[in-house]
Amino acid sequence: MSSLAIVHSRAQVGIQALPVTIEVHLTNGLPRLSIVGLPETAVKESQDRVRSALINSQFEFPLQRVTINLAPADLPKEGGRFDLAIALGILAASRQIPSDDLSHYEFVGELALNGDLRPVRGVLPMALEARDAQRQVVVPYDNATEASMVSGASILPVKHLLDFCLHLQNITPIIPYCTEHTPDSATVYHIADLSDVRGQYHAKRALEVAAAGGHNLLMMGPPGTGKTMLASRMPGILPPMAENEALETATVASIAVGGFDADLWGIRPFRAPHHTASGVALVGGGSHPRPGEISRAHNGILFLDELPEFDKRVLEVLREPMESGYIIISRAAHQAEFPANFQLVAAMNPCPCGYRGDSNNRCQCNPQQVNRYRSKISGPLLDRIDLHIEVPNLPRAELRQDRTSESSADVRARVIAAREIQIQRCGKQNSLLSSKDIDSHCRLKENDERLLDTAIEQLGLSARAWYRILKVARTIADLSNSENIQTSHLTEAITYRRLERKKI
């Protein structure tokens, strides 16, 4: 006598939740349980967790030959996420629970030995796919809030194995989980307000332009001038996230170490890795690839303080994702693709000691030391940073007198208005404009074209810098609510590249 049951789940590969069909077959013979379908160690160990969970939940573990196939066979499976599906498959195959309705559900969750369900990573991308497949998602109760972020998904939270068994038999139905989440980054960042920064009007203006168009920004100046303080206030002036952006960002957090925090739903991430971070820490990796800092900063800010202190090879790995907006990590068995549409904000000192150009002549660095320090930032990487500004020391008298600085809310209102203009014009922010978009929306007058050509030649800039200056000029025009790029807009955009020639 034999029996077969089929249960649906999903494996996590990068940010994808790929379908896995769990087939449980019982046949007569010596009692034995085998799991096939490229399971890794944690999956193989599920047989012991499932056996104890079933027995401690007052079910019978079948004294037959149990074969469990995780299909497709060529897809690696890892973790304890299949425990619940395997347990229910065994119960259905042994006819201890009805199996007719199992095809309407997808299951994820790790079992404790007493039958309790423990949370797992990667529930949010699974909920997205299950919604599209028109199936209900059965998740551990601690994962329910995360899964419910997907609008239109039907989430059934389960605390114990018995809970779903009673639901399946219509004894104690489980009510679909529902929660409300309202993204509002302004409330989260109300403490780090731009009004806290006194002076530095040029830097604040550059911060506003960068936020409005999604442009990369580099600040250079001696220690204590407010570079880090300015960068930390950048999230408070960014526009709110659209629902698709919030889902993308939450999906990356869901599979990352530490998991998803529901309190950060709709909040643009701000990641600030230490300068000792490795290339893998920045771009992601591992035998089972996990997202790195650039992916965890997706749709938000990646802040690199003390930029030249990062290993040069580490900085070079940023070049491709800065252009493409994603990163592909290849392993022998499979590839994982992670989104990485981040906005780079970087800060650096003008020299190793930090005081080059200071009025008190405190710098003791020789030209060779300065050149060695600055050469850690390659030309191609620098070329991909749209705005380069200097953040100088300010007289104390000016710092004491400046008490009327604009708040983050005031600047954010202008940024939102400019971003809405960009979305209505071509459906994306200015930093993402293609060469075709630039030809259509960044046209210059004849005298402005000559001005830009002269600036490119005198500053020794590349063709990429030419395009990026036009994008910045388009953003400045949007902040002024101007349909066309004017000479003043182009001139301001050019000034944000002068530091590249003058200082670096």
Requested in this report: Using a cut-off of 6.0 Å, state whether more than 12 heavy atoms not belonging to Glu449 lie near its atom CD.
Outcome: yes
Report task. Spell out, as yes or no, whether a donor-acceptor pair under 3.5 Å connects the side chain of Arg443 to the backbone of Asp439. Result -> yes
Query raised in the report: Taking it one step at a time, do His489 and Gln486 satisfy side chain to side chain contact (heavy atoms under 4.5 Å, CB included)?
Result: CA-CA 5 Å; His489 306 147; Gln486 305 297 330; 3.5 Å; yes
Query raised in the report: Does CD in Glu320 sit with more than 12 non-hydrogen atoms of other residues, nucleotides or ligands closer than 6.0 Å?
Result: no
Report task. Evaluate the ring planes of Tyr177 and Tyr141, with Trp represented by its six-membered ring, and classify them as parallel (under 30°), tilted (30 to 60°) or perpendicular (over 60°). Result -> perpendicular
Query raised in the report: Atom CD in Gln16, atom OG1 in Thr251: separation rounded to 0.5 Å?
Result: 11.5 Å
**Report entry** Heavy atoms of other groups near Asn244 CG, more than 12 under 6.0 Å
**Finding:** yes
Query raised in the report: So, do Met149 and Leu124 sit near enough that their side-chain heavy atoms are less than 4.5 Å apart?
Result: yes
Report task. Answer yes or no: is there a donor N or O on one side and an acceptor on the other, between the side chain of Arg468 and the main chain of Arg384, under 3.5 Å? Result -> yes
Requested in this report: Report the C-alpha separation of Glu208 and Val415 in whole Å, then their side-chain angles, then the decisive distance to 0.1 Å, and conclude whether the side chain to side chain contact (heavy atoms under 4.5 Å, CB included) test is met.
Outcome: CA-CA 7 Å; Glu208 179 179 343; Val415 168; 4.1 Å; yes
Report task. List the steps and the verdict of side chain to side chain contact (heavy atoms under 4.5 Å, CB included) for Ile294 and Val317. Result -> CA-CA 10 Å; Ile294 64 172; Val317 302; over 6 Å; no
Query raised in the report: If you look at every heavy atom in Arg121 and Gln12, which pair is closest and at what distance?
Result: O-OE1, 3.8 Å
Requested in this report: Start with the C-alpha distance between Asp142 and Glu146, add both sets of side-chain angles, then the distance that settles side chain to side chain contact (heavy atoms under 4.5 Å, CB included), and finish with yes or no.
Outcome: CA-CA 8 Å; Asp142 291 341; Glu146 173 186 339; over 6 Å; no
Query raised in the report: So, the side chain of Gln200 versus the backbone of Thr225: is there a donor-acceptor pair under 3.5 Å, distance only?
Result: yes
Query raised in the report: Below 4.5 Å, heavy atoms only, C-beta onward: do Arg425 and Gln422 meet side chain to side chain?
Result: yes
Requested in this report: Please report the shortest heavy-atom distance between Leu490 and Ala473, naming the atom on each side.
Outcome: CA-CB, 4.1 Å
Requested in this report: Please report the shortest heavy-atom distance between Arg268 and Asn299, naming the atom on each side.
Outcome: NH1-O, 2.8 Å
Query raised in the report: Counting distance only, does the side-chain N/O of Ser295 pair as donor-acceptor with the main-chain N or O of Pro339 below 3.5 Å?
Result: yes
Report summary line: Value for CG (Leu218) from CG (Asp386), rounded to nearest 0.5 Å, stands at 11.0 Å
Query - Backbone of Thr145 reached by a side-chain donor or acceptor of Ser148 within 3.5 Å - result: yes
Query raised in the report: Is Leu451 close to Ile494 at the side-chain level, that is, under 4.5 Å between some pair of heavy atoms?
Result: yes
**Report entry** Distance (rounded to the nearest 0.5 Å) between Leu470 CG and Asp437 CG
**Finding:** 12.5 Å
**Report entry** Non-hydrogen atoms of Phe338 and Pro289 that approach each other most closely
**Finding:** CZ-O, 3.6 Å
Query - Donor-acceptor pair, side chain of Arg81 and main chain of Ala11, under 3.5 angstrom - result: no
Query raised in the report: Take atom CD in Glu323; do more than 12 heavy atoms of anything else shown fall under 6.0 Å from it?
Result: yes
Query raised in the report: Got a donor-acceptor contact below 3.5 angstrom from the Glu406 side chain to the Val411 backbone?
Result: no
Query raised in the report: Is there a donor-acceptor contact under 3.5 Å linking the side chains of Ser378 and Glu316?
Result: yes
Query raised in the report: Any side-chain donor-acceptor pair under 3.5 Å between Ser431 and Gln429?
Result: yes
Requested in this report: Report yes or no: does Ser9 contribute a side-chain atom to a donor-acceptor pair with the main-chain N or O of Val108 at less than 3.5 Å?
Outcome: no
Requested in this report: Check whether any side-chain N or O of Arg497 sits under 3.5 Å from a backbone N or O of Ile469 as a donor-acceptor pair, and report yes or no.
Outcome: no
Tell me which donor-acceptor pairs under 3.5 Å the side chains of residues 340-354 have, and how far apart each pair is, sequence neighbours excluded?
residue	atom	partner	partner atom	Å
Gln343	NE2	Ala210	O	2.8
Gln343	NE2	His215	O	2.8
Asn349	ND2	Glu306	OE1	3.4

Query raised in the report: So does Lys376 have more than 12 non-hydrogen atoms from other groups sitting under 6.0 Å from NZ?
Result: yes
**Report entry** Thr475 and Asp478: side chain donor to acceptor below 3.5 Å
**Finding:** no
Query raised in the report: Can you tell me if Gln369 and Tyr373 form a side-chain donor-acceptor pair at under 3.5 Å?
Result: no
Requested in this report: Would you mind reporting whether Leu302 and Pro273 have side-chain heavy atoms less than 4.5 Å apart?
Outcome: yes
Query raised in the report: Is the Tyr326-His298 ring centre distance short of 6.0 angstrom?
Result: no
**Report entry** Shortest non-hydrogen separation from Glu390 to Pro392 and the atoms involved
**Finding:** O-CD, 3.3 Å
Query raised in the report: Side chain of Lys77, backbone of Phe82: donor and acceptor closer than 3.5 Å?
Result: no
Query - Nearest-0.5 Å distance that lies between atom CZ in Arg356 and atom CE in Met220 - result: 10.0 Å
Query - Asp448 versus Thr487, side-chain donor and acceptor atoms under 3.5 Å - result: yes
Query raised in the report: Is any side-chain heavy atom of Val209 closer than 4.5 Å to a side-chain heavy atom of Tyr496?
Result: yes
Query - Gap between atom CD1 of Ile476 and atom CZ of Arg205 - 0.5 Å precision - result: 6.0 Å
**Report entry** side chain to side chain contact (heavy atoms under 4.5 Å, CB included) partner of Asn143, chosen from Val123, Val158, Val137
**Finding:** Val123
Requested in this report: Enter the distance from Arg271:CZ to Leu282:CG here, rounded to the nearest 0.5 Å.
Outcome: 11.0 Å
Query raised in the report: Are Arg450 and Asn447 side-chain neighbours, meaning at least one heavy-atom pair lies under 4.5 Å?
Result: yes
Query raised in the report: Is there side-chain contact between Trp466 and Leu461, with at least one heavy-atom pair below 4.5 Å?
Result: no
**Report entry** Smallest separation among heavy atoms of Asp305 and Phe310, with atom names
**Finding:** O-CE1, 3.3 Å
Requested in this report: Would you check if Ile485 and Arg474 make a side-chain contact, meaning some heavy-atom pair closer than 4.5 Å?
Outcome: yes
